[in-house]
There are 2 protein chains.
Amino acid sequence: MDPFAALGDPVRRDLVARLSRAPARVVDLAADQAISRPAVSRHLRLLAEAGLVVAEDRGRERHYRLQPSGLDPVTDWLAGLEPPARFAASALDGLDLEVRRTTRERSADRAADRSTHTTTEETA
Amino acid sequence: MDPFAALGDPVRRDLVARLSRAPARVVDLAADQAISRPAVSRHLRLLAEAGLVVAEDRGRERHYRLQPSGLDPVTDWLAGLEPPARFAASALDGLDLEVRRTTRERSADRAADRSTHTTTEETA
DNA sequence: CGAATAGGTAACCGATAGGTTACCAATGAG
DNA sequence: CTCATTGGTAACCTATCGGTTACCTATTCG
């Protein structure tokens, strides 16, 4: 499932937002969702397939964390829209300073991410 | 249908991208889609309900155009993610200059948009 | 060891998405 | 006026989504 479709579901958006704040275990994620744990589990699998989150097994627990690069297709698509639409992208105005400040670190982060980690990603 | 779900469909994304370049009639939009015109028509209705496009009747033709503000929920959500995720938002880096340059005009544009136009929007 | 906890998977089910064809109303052109 | 063009709507069908319950495995803890 592509990132766009993945973010089409409000529960999955909520999970992503939650994970953007901190990694979490499945039970904890399921705790503040109105649906059953298996349902959350499946949403997480989809998010992993979409490249938006990564799972890491720690003993009997599975910790999910956000994979920021998974959002690239979305931001890229928005960025690819013609000028008239880009006006809307300026909703990110408030972030300009911070984002630009962190750009260099982020490139390094992404590179490291691809090489060192051996975390799950597909098999949720 | 909310903008996220609306953009979850590749055909609709394509329509939005197309309309970001220029307004167009339904036939023209349907022309370069692999699906039937009624199907495109329904996609357009959904996009209008999501606030992403606006329709304007001109004689027997209906011209659809992009409504940039419809993307705000998306960019806002992305902007609302915690720092780690914002790194991905820097995919918009290349746009920073242009976006900031046009910010003022855009505010004016949005304001004008809400008051003067009386175009359709819901009834596709 | 045995019990509890974490979490994935399977089977099932109702609702919805998205496609098609057929049809209709309205406008514009010859 | 007549006919072609534009485009929405309805009815229908299939596939997929998202939820549930039931079940199983693996790890940790007393």
Side-chain angles (χ1 to χ4, degrees), chain A residues 1-19 22-66 119-124, chain B residues 1-19 22-66 119-124:
Chain A
M1 179 170 284
D2 66 292
F4 292 92
L7 296 178
D9 184 279
V11 172
R12 287 193 291 265
R13 256 179 345 258
D14 208 64
L15 290 170
V16 167
R18 168 80 135 82
L19 291 175
R25 303 176 305 155
V26 178
V27 246
D28 300 328
L29 293 169
D32 50 335
Q33 294 293 338
I35 60 180
S36 71
R37 187 190 51 74
V40 171
S41 193
R42 242 181 15 189
H43 280 302
L44 288 168
R45 178 173 54 192
L46 288 195
L47 287 173
E49 282 168 6
L52 289 167
V53 305
V54 187
E56 184 186 358
D57 287 330
R58 296 224 293 223
R60 68 177 157 182
E61 303 175 348
R62 171 164 293 191
H63 293 248
Y64 280 94
R65 56 185 176 75
L66 187 68
T119 35
T120 313
E121 195 136 352
E122 288 299 298
T123 315
Chain B
M1 177 172 283
D2 67 293
F4 292 93
L7 296 179
D9 184 279
V11 171
R12 287 194 289 266
R13 265 190 323 270
D14 208 64
L15 290 171
V16 167
R18 168 81 136 80
L19 290 176
R25 303 176 306 155
V26 178
V27 245
D28 300 328
L29 292 169
D32 51 333
Q33 294 293 338
I35 59 179
S36 71
R37 187 191 50 73
V40 172
S41 193
R42 244 179 16 187
H43 281 302
L44 288 168
R45 177 172 55 192
L46 287 195
L47 286 173
E49 283 168 6
L52 290 167
V53 305
V54 187
E56 185 186 358
D57 286 329
R58 296 224 293 222
R60 68 177 157 182
E61 304 173 347
R62 170 163 292 190
H63 292 249
Y64 280 95
R65 57 185 174 75
L66 188 68
T119 35
T120 315
E121 194 138 352
E122 288 298 299
T123 315

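The chains referred to below are lettered A, B, ... by the order of the sequence lines, with proteins before strands, and numbering in each begins at 1.
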Output the rounded distance in Å from [atom1] ([X]) to [atom2] ([N]).
X: Leu47(A); N: dG18(D); atom1: CG; atom2: P; value: 11 Å
X: Asp2(B); N: dA17(C); atom1: CG; atom2: P; value: 11 Å
X: Leu29(A); N: dG8(C); atom1: CG; atom2: C1'; value: 15 Å
X: Glu49(A); N: dT16(D); atom1: CD; atom2: C1'; value: 14 Å
X: Arg37(B); N: dG18(C); atom1: CZ; atom2: P; value: 18 Å
X: Phe4(A); N: dC17(D); atom1: CZ; atom2: C1'; value: 20 Å
X: Arg62(A); N: dA6(C); atom1: CZ; atom2: P; value: 15 Å
X: His63(A); N: dA6(C); atom1: NE2; atom2: C1'; value: 10 Å

What nucleotide, of [options], holds the atom closest to the side chain of [X]?
X: Leu46(A); options: dG18(D), dA6(C), dT27(C); result: dG18(D)
X: Ser41(B); options: dG7(D), dA11(D), dA10(D); result: dG7(D)
X: Val26(B); options: dT20(D), dG8(D), dA29(C); result: dG8(D)
X: Arg42(A); options: dG18(D), dG19(C), dT21(D); result: dG18(D)
X: Arg45(B); options: dT27(C), dT9(D), dG8(D); result: dT9(D)
X: Met1(B); options: dA6(C), dA17(C), dT21(C); result: dA17(C)
X: Val11(B); options: dC29(D), dG19(C), dT5(D); result: dG19(C)
X: Pro38(A); options: dT21(D), dA29(C), dG19(C); result: dT21(D)
X: Ser36(A); options: dA4(C), dT21(D), dG8(D); result: dT21(D)

Supply the atom-to-atom distance Leu15(A) CG to Asp9(A) CG, rounded to the nearest 0.5 angstrom.
8.5 Å

Phosphate-side-chain proximity, Arg12(A) and dG18(D), N/O vs OP1/OP2 below 4.0 Å
yes

With a 4.0 Å cutoff (strictly under), does any side-chain N or O of Tyr64(A) reach OP1 or OP2 of dA6(C)?
no

